[in-house]
Q: 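One structure coming up, written as structure tokens, with questions to follow.
Values below: all heavy atoms of this structure, side chains included; hydrogens, waters and symmetry mates excluded.
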Amino acid sequence: MTSRRAAAMTYTEFPNKLVSAANDVDYAYREAGDGEVPLVLLQHFRGNLDSWDPALINALAPGRRVVTFDNTGVGGSSGQTPDTVEQMARDAIAFITALGLGQADILGFSIGSFIAQEIALIRPAIVRRLVLASSAPEGAAGMHGWAPEVIGAVGTPQTSPEGYLGVFFTRSPASRQAGQEALGRMYARTEDRDTPTTWQTREAQHDAVCTWGIPDHTLLQRLSSIEMPVFVANGDTDPMILPHYSYLLAGLIPQARVKIYPDSAHGFLFQHHAEFAGDVDEFLAGPT
């Protein structure tokens, strides 16, 4: 495939690929575009390759290589999903190494942002810049598990569009309309869709999130070791990871900036995909 053809593709056309890593996991991934430093995306709770809004990926892709992937045991990747964020981070490092990416920009969303923090702490040399979307630091008070209405909407064996919209978007007509449009884009791909995530993945990821949220203020000190530039972002009404954690993160990481997007919830980066992609572009293009 020529680079010109790859640049013209939309996310719904990105082919599914597999790469075998040194940890004996075959990772499912999609990629397109060219650029000196790739942008690697880490997905939310129970999400797979198809859970990214194509509008966001399409807005991020021009001028750079964009890579989405299923971590160990998720979707089309082999293995069993681990139940700690640290192991998820080590598995993500194995994927990045298997692709031979060298140094990359990392965008983590929700549990993916926890993993992104750990990657930056465990293997800082491979992270040039870090984007943390809907994030919180390990050990912060109030993060031990999610509210019953949240886990009841997105953590049940059979989830629904209504439950998804209730967590990822606000109740305003504008936000709900944006949510409906985002879901339409996510389901526009009708062939070669990713394998749905399993209940084992749900349980392991939820265990990892709960462990991450056990209150321990001494763990907050770890974030002072993240020395690369960091962009922290969230919606102003996120019920899953409250926006005040974004300010906490930005206060703990030396080179962090924060932005909160209006009338939006956990899926703010889908609702405000053009604005968020523009902010990420500006951030990634900044001086080192």
Side-chain angles (χ1 to χ4, degrees), residues 42-47 56 85 89 106-121 129-155 163-172 174-176 178-179 205-206 208-273 275-276 279-280 283:
L42 301 166
Q43 185 58 284
H44 66 72
F45 176 64
R46 301 185 78 179
L56 173 63
V85 171
I106 306 290
L107 190 163
F109 174 29
S110 191
I111 190 175
S113 73
F114 303 169
I115 298 166
Q117 292 176 54
E118 282 297 297
I119 294 172
L121 290 167
R129 285 177 173 250
L130 189 64
V131 179
L132 303 176
S134 299
S135 194
E138 183 179 13
M143 271 296 297
H144 189 223
W146 287 310
E149 60 270 20
V150 170
I151 198 65
V154 299
Y164 176 88
L165 290 172
V167 171
F168 280 68
F169 300 86
T170 75
R171 294 172 180 258
S172 78
S175 185
R176 284 304 171 99
Q205 289 184 343
H206 191 246
V209 168
C210 288
T211 301
W212 182 265
I214 295 172
D216 185 347
H217 286 180
T218 63
L219 294 174
L220 302 179
Q221 301 174 32
R222 304 166 73 234
L223 293 173
S224 65
S225 298
I226 297 180
E227 298 180 346
M228 70 282 297
V230 179
F231 176 41
V232 183
N234 202 354
D236 65 353
T237 319
D238 187 348
M240 201 166 192
I241 302 178
L242 303 180
H244 76 258
Y245 292 114
S246 295
Y247 292 108
L248 178 58
L249 274 171
L252 293 167
I253 299 171
Q255 291 197 73
R257 66 183 74 172
V258 63
K259 180 172 180 177
I260 305 299
Y261 293 77
D263 186 30
S264 58
H266 200 61
F268 77 93
L269 66 174
F270 302 158
Q271 177 174 338
H272 296 286
H273 54 83
E275 182 180 356
F276 177 69
D279 292 336
V280 170
F283 168 70

Q: Without hydrogens or angle criteria, can the side chains of Asp263 and Ser172 be said to hold a donor-acceptor pair below 3.5 Å?
A: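 Their side chains do contain a donor-acceptor pair, which is all the 3.5 Å distance test asks for.
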Q: What I'd like to find out is whether the side chain of Leu165 reaches to under 4.5 Å of the side chain of Arg176, using heavy atoms alone.
A: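 They are in contact (side-chain heavy atoms under 4.5 Å apart), so the answer is yes.
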Q: Please determine whether side-chain contact (heavy atoms from CB on, under 4.5 Å) holds for the pair Phe168 and His44, giving the CA-CA distance in whole Å, both sets of side-chain angles, and the decisive distance to 0.1 Å.
A: CA-CA 11 Å; Phe168 280 68; His44 66 72; 4.0 Å; yes
Q: Treating Gln205 as the side-chain partner and Arg46 as the backbone partner, does any N or O pair qualify as donor plus acceptor under 3.5 Å?
A: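 Here the side-chain-to-backbone pair exists.
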Q: As an exercise, state the distance from OH of Tyr245 to CG of Asn234, rounded to the nearest 0.5 Å.
A: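 The CG atom of Asn234 is 11.5 Å from OH of Tyr245, to the nearest 0.5 Å.
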Q: If you apply the rule side-chain contact (heavy atoms from CB on, under 4.5 Å), what do you find for Phe114 with Met143, and how did you get there?
A: CA-CA 12 Å; Phe114 303 169; Met143 271 296 297; 3.8 Å; yes
Q: Ile106 vs Leu42, test: side-chain contact (heavy atoms from CB on, under 4.5 Å). Steps then yes/no.
A: CA-CA 8 Å; Ile106 306 290; Leu42 301 166; 3.7 Å; yes
Q: Could you tell me the separation between the OG1 atom of Thr237 and the CZ atom of Phe268, rounded to the nearest 0.5 Å?
A: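 Here the interatomic distance stands at 12.5 Å.
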Q: Does His273 have any ring pair (Phe, Tyr, Trp, His ring centres under 6.0 Å) partners at least two apart in sequence or in another chain, and if so, which?
A: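 Partners of His273 under the ring pair (Phe, Tyr, Trp, His ring centres under 6.0 Å) test: none.
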Q: Nearest 0.5 angstrom please: Gln43 CD to Ile115 CD1, how far?
A: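 Between atom CD of Gln43 and atom CD1 of Ile115 there are 10.0 Å.
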Q: Testing Tyr164, Phe109, Tyr261, Phe276 for ring-ring contact (aromatic ring centres under 6.0 Å, His included) with Phe270, which one passes?
A: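 Filter result, single survivor: Phe109.
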Q: With side chains defined as the heavy atoms from C-beta onward, is the minimum distance between Glu138 and Glu118 less than 4.5 Å?
A: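 Glu138 reaches Glu118 side chain to side chain.
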Q: Can we call the ring centroids of Phe169 and His266 under 6.0 Å apart?
A: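 Ring centres of His266 and Phe169 not closer than 6.0 Å.
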Q: Please report the closest heavy-atom contact between Ala250 and Val258, naming both atoms and the distance.
A: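 It is CB-CB, 3.9 Å.
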Q: Within the structure provided, determine whether Pro262 and His272 are in side-chain contact (heavy-atom separation under 4.5 Å).
A: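 Yes, close enough: below the 4.5 Å cut-off.
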Q: Measuring only between side-chain heavy atoms, which start at C-beta, is Arg257 closer than 4.5 Å to Val232?
A: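 Contact flag for Arg257/Val232 side chains = no.
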Q: Might you point out which heavy atoms bring Gly139 and His217 nearest each other, and give the distance in Å?
A: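 For Gly139 and His217, the tightest heavy-atom pair comes out as O-CD2, 3.9 Å.
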Q: When rounded to the nearest 0.5 angstrom, what is the spacing between CD1 in Ile226 and CG in Leu130?
A: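 Taking CD1 in Ile226 and CG in Leu130, the distance rounds to 6.0 Å.
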Q: What is the minimum heavy-atom distance between Ser113 and Ser135, and which atoms define it?
A: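 So the two residues come closest at OG-OG, 2.8 Å.
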Q: For residues Thr211 and Val85, determine if any side-chain heavy atom of one lies less than 4.5 Å from a side-chain heavy atom of the other.
A: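 Not in contact.
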Q: Run the side-chain contact (heavy atoms from CB on, under 4.5 Å) check on Ile260 and Ser246 step by step: do they pass?
A: CA-CA 8 Å; Ile260 305 299; Ser246 295; 4.0 Å; yes
Q: Strictly by side-chain hydrogen bond (donor to acceptor under 3.5 Å, both in side chains), give each pair with a member in residues 139-153 just once, sequence neighbours left out.
A: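 Counting only pairs at least two positions apart or across chains, no side-chain hydrogen bond (donor to acceptor under 3.5 Å, both in side chains) contact touches residues 139-153.
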Q: State the CG-CH2 distance between Leu219 and Trp212, to the nearest 0.5 angstrom.
A: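 CH2 of Trp212 is found 8.5 Å from CG of Leu219.
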Q: Do you know which two heavy atoms are closest between Leu248 and Ala140, and how far apart they sit?
A: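 Smallest interatomic distance, heavy atoms only, reads CD2-CB, 4.0 Å.
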Q: Give, for atom CD1 of Ile111 and atom NE2 of His206, the distance between the pair rounded to the nearest 0.5 Å.
A: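 Answer rounded to 0.5 Å: 10.0 Å.
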Q: If you compare all heavy atoms of Pro239 against all heavy atoms of Gly166, which two are closest, and at what distance to 0.1 Å?
A: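 Answer, listing the atom of Pro239 first, then Gly166: CG-O, 4.5 Å.
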Q: For residues Ser110 and Ile241, determine if any side-chain heavy atom of one lies less than 4.5 Å from a side-chain heavy atom of the other.
A: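 The answer is yes, as the side chains (C-beta and beyond) meet within the 4.5 Å cut-off.
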Q: Do Arg129 and Phe283 form a cation-pi contact, if we require the NZ or CZ to be under 6.0 Å from the six-membered ring centre and within 45 degrees of the ring's axis?
A: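 Cation-pi check for Arg129 and Phe283: passes.
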Q: Give the minimum heavy-atom separation between Ala153 and Gly163, together with the two atoms involved.
A: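 It is CB-O, 3.6 Å.
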